[in-house]
Student: 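Let me give you the structure first, and then I'll get to my questions.
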Amino acid sequence: MSQSPDSAGMVVPPNEAALVTSGGMSDLELVLPDLGDRDLPEIAIFLVACAMRFHSDPDFVQEQLEWLVRMHDAEVDEGMRPDQLNSANDD
């Protein structure tokens with residue numbers, strides 16, 4: 001999944017992984033690099049798990065999206081923003 005630099009899309013570097021929407025944002029595509037004999041890094045394995053769950057359990061995905069909306073509507077305090085953190089906040 002890479003597009004030419006003159007297209008409206010973005011190129012995924014050959015040594016990176018990505019979850020990409022396609023089909024008018026109705027499909028999910030997983031882009032993985034060819035690592036040969038090397039293992040995927042943990043974060044790329046996480047992307048694989050997300051893509052597999054999306055394709056195998058759409059009800060779970062819908063539940064998570066509904067939870068996200070509820071948390072947003074409830075204005076849940078997510079803690080400090082990164083620009084608010086400093087060593088004075090350490091325990």
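Note that the coordinates shown come from a computational prediction; the quantities given were computed from them, not determined experimentally. Note: hydrogens, waters and symmetry copies are ignored here, and every other heavy atom, side chains too, is used.
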Student: Quick check for you: to the nearest 0.5 Å, what is the distance between Glu29 atom CD and Thr21 atom OG1?
Tutor: 9.5 Å

Student: What pair of heavy atoms forms the shortest contact from Gly23 to Ser26, and how long is it?
Tutor: O-OG, 2.5 Å

Student: Is it the case that one hydrophobic cluster holds both Leu68 and Phe60, taking links as side-chain heavy atoms less than 4.5 Å apart, direct or via other members?
Tutor: no

Student: How close do Pro33 and Pro14 get, heavy atom to heavy atom, and via which atoms?
Tutor: CB-O, 3.0 Å

Student: Who pairs with Leu30 by side-chain contact (heavy atoms from CB on, under 4.5 Å), at least two apart in sequence or on another chain?
Tutor: Leu19, Leu32, Leu47, Val48, Ala51

Student: Please say yes or no: joined through hydrophobic side-chain contacts below 4.5 Å, possibly via intermediate residues, are Val31 and Leu40 part of one cluster?
Tutor: no

Student: Can you run down the side chain to side chain donor-acceptor pair (under 3.5 Å) pairs that involve residues 34-45, sequence neighbours left out, and say none if there aren't any?
Tutor: none

Student: Can you get from Trp67 to Val61 by hopping between Ile, Leu, Val, Met, Phe, Trp and Tyr side chains that sit under 4.5 Å apart?
Tutor: no

Student: Tell me which pairs pass side chain to side chain donor-acceptor pair (under 3.5 Å) where either residue lies in residues 57-66, with sequence neighbours left out.
Tutor: Arg53-Asp57, Gln62-Glu66

